[in-house]
Amino acid sequence: MITTSQDARIQLAHGILGAVEIVPDPKLPVHVVRLVTGDGRCFIAKQHNGHDRYVGERNAYRTWGTHVHGHAPELVGHDDATRTLLLTALAGDQADTAVPDSPEEELAHHEAGRILGKLHRATCMAQDGAVGAALADRLQRWIGRAVHAGLIDTAERTLLQHHAAIPATSLMDSAVCHLDYQPRNWLVGDVFGVCDFEHMRRDARVRDFARLEFRRWQAAPYLRTAFLDGYGRPLTDTEQRLLDSFGAIEAATALVKGHQDNDPTLSAHGRTLLSRLTLLLPSTTFIWRFPCPSTSRP
């Protein structure tokens, strides 16, 4: 049993829980550790490098986590000085370990849609242009980084800017979004769970589907169907077109981060998305309106 350590995560856990033991888990990133108490209770301790990401995740568990109570970790303690969080550990296996094209994978997507629908319905706000303008500005910054690094040519820059203009002229509802909603952050067990709230913030509701759309659904559209069935309704045609344009954000960030981190897989993902975007016919710019999901469903 570990009772003292210079590790801020262990110090936080010890101060709240008493003696704890580290449980090796190679699937966890280096800044996250799994702990168990003498009576068998399991926890996760996580230390952030940056202040903003730490504050964002701390506040997300404090506030928005209540909308998915029972399906997300609970914040047990935190230390602002060391940017450390102590959370309950969810039981279950990561959903990305499910066999591809298996019933288990399909069920995981259905449950993921159901839980995300709960979060979105509880936090959806009426349409306005602010969220679209912010996303357009975000994409323009990523385009600038890609140009500065020599990662895109003139035609690709024009393509990405075309897609930046679409949210800039759109009215869309916002909701509290996870923004890294994909199987690596889902846990499948007796109860479906969602973890890793560090990217969570209010954003365009439809953008919460982007990681799934461009990293899994296009190769397995039946998973999209299962997810949206759990979510409560399908995407409208205009929502799908907006999601296509959010692929431009995914492409630009993948190219820049892949280059910065020397990650050829991520860079290739960005290139694949750029190729797909070139196949989409240019859309006439107009004001799109995206209603909040119905609140009549449980």
Side-chain angles (χ1 to χ4, degrees), residues 56 59-60 63-64 67-68 109 112-144 159-182 194 197 199-218 221 224-225 227-254 273-274 276-277 280-297:
N59 292 345
T63 55
W64 302 319
H67 299 304
V68 288
H109 279 253
R114 185 175 68 85
I115 300 307
L116 188 64
K118 287 170 63 72
L119 176 64
H120 285 179
R121 284 189 292 274
T123 61
C124 195
M125 292 180 63
Q127 304 160 353
D128 64 35
V131 64
L135 287 172
D137 182 65
R138 178 184 295 271
L139 177 52
Q140 290 288 6
R141 292 197 300 270
W142 283 110
I143 293 171
L159 173 68
L160 291 173
Q161 289 176 330
H162 162 77
H163 284 283
I166 293 175
T169 56
S170 300
L171 298 179
M172 65 195 80
D173 56 275
S174 68
V176 171
C177 295
H178 186 279
L179 293 178
D180 193 16
Y181 206 65
Q182 55 181 322
V194 179
F197 284 10
H199 300 284
M200 188 177 278
R201 63 177 179 270
R202 182 165 293 279
D203 208 297
R205 177 180 57 82
V206 177
R207 201 158 88 89
D208 236 357
F209 307 143
R211 291 284 169 92
L212 293 167
E213 174 71 11
F214 300 111
R215 300 190 184 195
R216 190 69 182 100
W217 286 353
Q218 290 179 4
R224 182 194 292 113
T225 300
F227 183 97
L228 294 174
D229 180 65
Y231 187 77
R233 68 172 181 85
L235 295 176
T236 65
D237 290 343
T238 50
E239 286 171 338
Q240 183 61 56
R241 286 196 292 270
L242 182 64
L243 186 56
D244 288 337
S245 286
F246 289 157
I249 300 177
E250 177 92 355
T253 56
L273 281 180
L274 270 184
R276 182 181 183 278
L277 289 171
L280 299 176
L281 292 175
S283 303
T284 301
T285 301
F286 58 97
I287 300 296
W288 287 344
R289 300 179 183 273
F290 303 93
C292 288
S294 171
T295 57
S296 62
R297 296 179 61 94

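- With contacts defined as side-chain heavy-atom distances shorter than 4.5 Å, the pair Glu239/Arg233 qualifies.
- Side-chain atoms of Arg202 come within 3.5 Å of backbone atoms of Thr123 as a donor-acceptor pair (strictly under, hydrogens ignored).
- For Ala164, the side-chain contact (heavy atoms from CB on, under 4.5 Å) partners at least two apart in sequence or on another chain are Leu139, Gln140.
- Between Ile249 and Arg207, the shortest heavy-atom contact is CG2-NH1, 3.9 Å.
- Ring geometry for Phe209 versus Trp217: interplanar angle of 30 to 60°, hence tilted.
- Here the shortest heavy-atom pairing between His67 and Lys118 reads O-CE, 3.9 Å.
- In this structure, the side chain of Asp208 engages the main chain of Leu179 through a donor-acceptor pair within 3.5 Å.
- Residue Leu135 is tested with Ile166, Asp203, Leu242 for a side chain to side chain contact (heavy atoms under 4.5 Å, CB included); the sole match is Asp203.
- Remark: Asp137 engages Arg141 in a salt bridge, criterion side-chain N to carboxylate O under 4.0 Å.
- Considering only residues two or more places apart in sequence or on other chains, Ala112 meets the side-chain contact (heavy atoms from CB on, under 4.5 Å) condition with Tyr181, Trp186, Phe192, Phe227.
- Ion pairing between Arg276 and Glu250 fails under the 4.0 Å rule for side-chain N and carboxylate O.
- The shortest non-hydrogen separation linking Ala204 to Cys177 is O-SG, 3.5 Å.
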